[in-house]
Undergrad: 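Just dropping this structure here.
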Amino acid sequence: MAIQKIKGTKDWYGVELQANRELQQWMRALCELYGYKEVETPEFEKTEVFKREGDSSDVVNKEMYTFMDAGNRSLTLRPEGTAGIMRAIVENKLYAQPDLPLKVFYISSCFRAENPQKGRLRLFHQFGAEALGVKSPVLDAELICLAKTLLDCLEIEDYKIVINSIGDSESRKAYREVLRKHFEPVLGELCEDCKRRYIQNPLRILDCKVDHEHPALVNAPVISQSLNQESTDYFAKLRETLTRAGVEYEIDERLVRGLDYYTDTVFEFLSTNPGIGAQSALGGGGRYDDLLAYFGGPAMSGVGFGMGIERLLIALAEEGKQFEEESSCDLYLMCLDEALLPEALALATQLRNWRIRVQMDFQARSMKSQFKSAERSGAKIIAFYGEEEARTGSLKFKNVDTQEQVTISDPEGWIDQIYSWLQEPEEEEHEHHDAHLH
RNA sequence: GCGGUCGUGGUGAAGUCGGUUAACACACUAGAUUGUGGCUCUAGCACUCGCGGGUUCGAGUCCCGUCGAUCGCCCCA
């Protein structure tokens, strides 16, 4: 059997690749607008970059591609963007700059050993931004604005923003205990998953789908009651700032996120389109107070978010937003005699030197076949090169839309003719291949 | 990692209780039409049904395994 790609990976080509690139252009353009600079870090790092002491998240504990190199060092393919960025910031002392916050962004591939499904691949792409060195709810809000603006620019409409505060690590620890106490009496009535969550991470019981209606869940204490004054004020300020910025959001007291390093602010961008599948989070992020220090940097607080590029693509497709396949050819050169092929290539090269996108036939096939190829290429102009033209040192041009034909012997004249035809905007739609995203 | 569904050409797919030549459509190639396409007509286009094994006189059809896709769980972007 033919060799197949690895499960959960994807080959990119055609319109989908084009759509992906277009997305990335928007990301870079917006980050420039917001003053975030691009950073690129290696695809793999020492395992301890991602795996930190006491980390309970699945992403880190069971979904990493970890292997030993020849020197018996444990290396890991990055499962998320933030950790590598933190390491790079510390290693290169990027934090040592007069103007804080330090604002960076990345577009990178990530690897997670999960079972694939819609919106979840083993090798996927994340766009993320991080801002370090200033702890302010206003900065949290800026990041949310950046992510929101991206979705708006892409014309994604079916989404909502949910936010929450999970407080500092002490508040969270306290809340965990409150929850354990709350659920202890009814533990026997909860599902198997919840019994496990009770031990591992009681916060997760809150968004259980099975026990959703259990009175103990409905009446569960909310985290806001466990927050200290500082965190409560911080969250209030964030809400105020978002409202002032015209950002609509919901508060979800049950929003807890999968990575362990978050403190205070957490947020998610959820697609509300029914076609998105079970993996409806387009992006998410939050504040982290202790991450930079973990890597040996100063005790700087940061905020960041990540967005799944593939998920954005799915959301766009599900909302019926299509990318049009661009024509990649201006002129199709028809060569009518096999003996003239070398000369035809010379002509094509000459035209290409004038920045005209030329495709040509390499087999001197029948005119009919060449016309078909020309049509498929999307070229607005066809140039004929056969015995007659070779004899007179000329080229015959045909305007595909108007059927107009002229024979021109002077190369300067060729260029003038081609440019004049190409610059005329053709109103009539000439078979624009509607490009679906999948 | 676990569970459901699925796997036939370049594409969409038909294939009846296992029965011998794998339908149909689109696309593609060639010709009708030897320097002007998009219409029409004609012809061609799957030594083989994801892969491996088994049952059988006979398997695309049944069984087992495996790989992959898809949907969901867990979890996450």
Side-chain angles (χ1 to χ4, degrees), chain A residues 1-10 56-64 78-82 106-128 147 191-194 196-197 200-201 204 207-210 255-260 267-271 275-285 304-315 332 334-337 340 361 363-377 379 382-390 396-401 403-405 407 430-431 438:
Chain A
M1 184 180 44
I3 299 174
Q4 296 174 304
K5 64 181 179 299
I6 291 172
K7 183 188 212 168
T9 63
K10 189 173 155 51
S56 73
S57 68
D58 280 5
V59 171
V60 169
N61 285 300
K62 21 184 262 212
E63 295 168 1
M64 296 207 302
R78 75 170 155 232
E80 49 106 9
T82 304
Y106 58 90
I107 296 172
S108 54
S109 34
C110 299
F111 306 79
R112 256 124 91 164
E114 300 182 277
N115 228 3
Q117 71 188 77
K118 189 170 193 176
R120 173 195 284 168
L121 293 166
R122 290 186 171 184
L123 195 180
F124 63 102
H125 298 83
Q126 249 187 21
F127 158 63
C191 72
E192 287 310 306
D193 281 332
C194 283
R196 182 180 47 79
R197 290 178 184 127
Q200 286 183 346
N201 189 356
R204 285 248 153 243
D207 56 13
C208 177
K209 281 157 192 115
V210 181
L255 174 66
V256 288
R257 297 192 35 84
L259 282 337
D260 274 3
F267 57 89
E268 266 181 11
F269 285 74
L270 296 173
S271 173
I276 194 77
Q279 309 306 321
S280 61
L282 300 173
F305 73 84
M307 298 203 114
I309 289 181
E310 287 83 352
R311 287 191 189 171
L312 293 175
L313 253 18
I314 291 172
Y332 189 92
M334 277 175 54
C335 181
L336 305 172
D337 189 324
L340 295 173
D361 173 83
Q363 300 162 92
R365 294 137 73 217
S366 71
M367 287 195 89
K368 179 175 174 164
S369 321
Q370 295 200 42
F371 264 113
K372 282 188 177 176
S373 299
E375 196 179 339
R376 264 175 252 136
S377 75
I382 293 171
F384 300 88
Y385 185 63
E387 280 178 69
E388 271 175 47
E389 290 78 11
K396 186 189 271 184
F397 297 97
K398 175 169 185 164
N399 184 318
V400 171
D401 296 321
Q403 304 273 61
E404 199 181 334
Q405 292 195 168
T407 303
H430 173 75
E431 198 184 336
H438 66 244

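The analysis underlying the following values was restricted to heavy atoms, covering all of them including side chains, and did not include hydrogens, waters or symmetry mates. Letters A, B, ... are given to chains in the order of the sequence lines, protein chains preceding strands, and every chain is numbered from 1.
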Undergrad: Starting from P on B:C39, measure out to NZ on A:K372 and report it in whole angstrom.
TA: 8 Å

Undergrad: About how many Å separate OH of A:Y385 and CG of A:D361, when rounded to the nearest 0.5 Å?
TA: 14.0 Å

Undergrad: Which nucleotide in the set B:A77, B:G37, B:G35 lies at the smallest distance from any side-chain heavy atom of A:K398?
TA: B:G37

Undergrad: Drop me the distance from A:S280's OG to A:R311's CZ, to the nearest 0.5 angstrom.
TA: 8.0 Å

Undergrad: Please report the interatomic distance CD(A:E387) to CG(A:L336), rounded to the nearest 0.5 Å.
TA: 9.0 Å

Undergrad: Pick the C1' atom in B:A13 and in B:A22, then give their distance to the nearest Å.
TA: 12 Å

Undergrad: Considering every strand and a 4.0 Å limit on heavy-atom distances, what is the contact class for A:E63: base, sugar-phosphate, or nothing?
TA: sugar-phosphate

Undergrad: Mind calculating the distance between CD (A:E375) and P (B:C28) to the nearest angstrom?
TA: 9 Å

Undergrad: Looking only at side-chain N and O atoms, does A:R376 come under 4.0 Å of OP1 or OP2 in B:C28?
TA: yes

Undergrad: Within the structure shown, what part of the strands sits under 4.0 Å from A:K7 by heavy-atom distance: base, sugar-phosphate, or nothing?
TA: sugar-phosphate

Undergrad: I'd like to know if the side chain of A:E80 and the backbone of A:T82 have a donor-acceptor N/O pair within less than 3.5 Å.
TA: yes

Undergrad: Let's see if you can work this out: which of B:U29, B:G35, B:C75 has an atom nearest to the side-chain heavy atoms of A:M367?
TA: B:G35

Undergrad: Base, sugar-phosphate or nothing for A:F384? Non-hydrogen atoms, less than 4.0 Å.
TA: base

Undergrad: Any strand counts, and the cut-off is 3.5 Å on both contacts for Watson-Crick or G-U wobble. Which nucleotide pairs with B:U36?
TA: none

Undergrad: Which is it for B:C47, anti or syn, if anything within 90° of zero counts as syn?
TA: syn

Undergrad: Could you please name the option among B:C2, B:C71, B:A77 that lies closest to any side-chain atom of A:N115?
TA: B:C2

Undergrad: Within the distance-only criterion (no hydrogens, no angle test), does the side chain of A:R122 pair as donor or acceptor with the backbone N or O of A:E114 below 3.5 angstrom?
TA: yes

Undergrad: Distance between the P atoms of B:C64 and B:A69, in whole angstroms?
TA: 22 Å

Undergrad: Write down the distance separating the P atoms in B:G54 and B:U61, rounded off to the nearest Å.
TA: 14 Å

Undergrad: Is a side-chain N or O of A:Q279 found less than 3.5 angstrom from the main chain of A:K118, in a donor-acceptor match?
TA: no

Undergrad: Using Watson-Crick or G-U wobble geometry with both distances under 3.5 Å, which nucleotide pairs with B:A13?
TA: none

Undergrad: Determine which nucleotide pairs with B:G18, using a 3.5 Å limit on both distances of a Watson-Crick or G-U wobble pair.
TA: none

Undergrad: Give the rounded distance in Å between these two atoms: CZ of A:F371 and P of B:G35.
TA: 12 Å

Undergrad: Taking pairing as Watson-Crick or G-U wobble with both contacts under 3.5 Å, can you name the mate of B:G44, or confirm there isn't one?
TA: B:C28

Undergrad: Nearest heavy atom decides the nucleotide; on that basis, is A:A278 or A:I6 closer to the 5' end of RNA chain B?
TA: A:I6

Undergrad: A:E268 side chain to A:G284 main-chain N or O, any donor-acceptor pair under 3.5 Å?
TA: no

Undergrad: Find the distance A:Q370:CD to B:A30:P and express it as a whole number of Å.
TA: 10 Å

Undergrad: Between B:G38 and A:Q403, counting only base atoms on the nucleotide and side-chain atoms on the residue, is there a donor-acceptor pair under 3.5 Å?
TA: yes

Undergrad: For A:I309, answer base if it contacts any base atom (sugar-phosphate contacts may also be present), sugar-phosphate if it contacts only those atoms, and nothing otherwise; contact means non-hydrogen atoms under 4.0 Å.
TA: nothing

Undergrad: Using only heavy-atom distances, decide whether a donor-acceptor pair under 3.5 angstrom links the side-chain of A:Q4 to the base of B:G68.
TA: no

Undergrad: Is A:F124 stacked on the base of B:A77 when the test is centres under 5.5 angstrom and planes under 30 degrees?
TA: yes

Undergrad: Check every strand shown and say whether A:G277 touches a base, only sugar-phosphate, or nothing at a heavy-atom separation below 4.0 Å.
TA: sugar-phosphate

Undergrad: Between B:U36 and A:K396, counting only base atoms on the nucleotide and side-chain atoms on the residue, is there a donor-acceptor pair under 3.5 Å?
TA: yes

Undergrad: Say we look at B:G3 and B:C17: how far apart would their C1' atoms be, to the nearest angstrom?
TA: 31 Å

Undergrad: For A:E114 and B:G72, what is the distance between atoms CD and C1' respectively, to the nearest whole Å?
TA: 14 Å

Undergrad: Give one of base, sugar-phosphate or nothing for A:L121, where a contact means two heavy atoms less than 4.0 Å apart.
TA: base

Undergrad: Using the P atom on both, measure B:U5 against B:G44 and round to a whole Å.
TA: 41 Å

Undergrad: With rounding to the nearest 0.5 Å, note down the distance linking CZ in A:F384 to CD in A:E389.
TA: 8.5 Å

Undergrad: Whom does B:C75 pair with, Watson-Crick or G-U wobble, provided both distances fall under 3.5 Å?
TA: none

Undergrad: Please check the phosphate of B:U29 (OP1 and OP2 only) for any side-chain N or O of A:R365 closer than 4.0 Å.
TA: yes

Undergrad: Rounding to an integer number of Å, can you tell me how far A:K368 NZ sits from B:U34 P?
TA: 11 Å

Undergrad: Using heavy-atom distances to pick each residue's nearest nucleotide on RNA chain B, tell me which of A:S369 and A:M307 is more 5'.
TA: A:S369

Undergrad: For B:A69, what is the paired nucleotide under Watson-Crick or G-U wobble rules, both distances under 3.5 Å?
TA: B:U5

Undergrad: Distance check needed: B:C71 P versus A:I314 CD1, whole Å only.
TA: 8 Å

Undergrad: Would you give the length of the straight line joining atom CG of A:L121 to atom CD of A:E310, rounded to the nearest 0.5 angstrom?
TA: 5.5 Å

Undergrad: Examine B:A77: is either OP1 or OP2 under 4.0 Å from a nitrogen or oxygen in the side chain of A:Q279? Give yes or no.
TA: no

Undergrad: Taking only the P atom of each, what is the distance from B:A14 to B:A23 in whole angstrom?
TA: 15 Å

Undergrad: Checking all strands, does A:E310 fall into the base, sugar-phosphate, or nothing category for heavy-atom contacts under 4.0 angstrom?
TA: nothing

Undergrad: For B:U36, does the base pair up with any side-chain atom of A:Q405 as donor and acceptor (N or O, under 3.5 Å, distance only)?
TA: yes

Undergrad: Taking the P atom in each of B:C6 and B:U16, what is the distance between them to the nearest angstrom?
TA: 15 Å

Undergrad: Rounded to the nearest Å, what distance is computed from the CZ atom of residue A:R122 to the C1' atom of nucleotide B:A69?
TA: 13 Å

Undergrad: When you compare B:U36 with B:C47, how far apart are their C1' atoms, in angstrom units rounded to a whole number?
TA: 41 Å

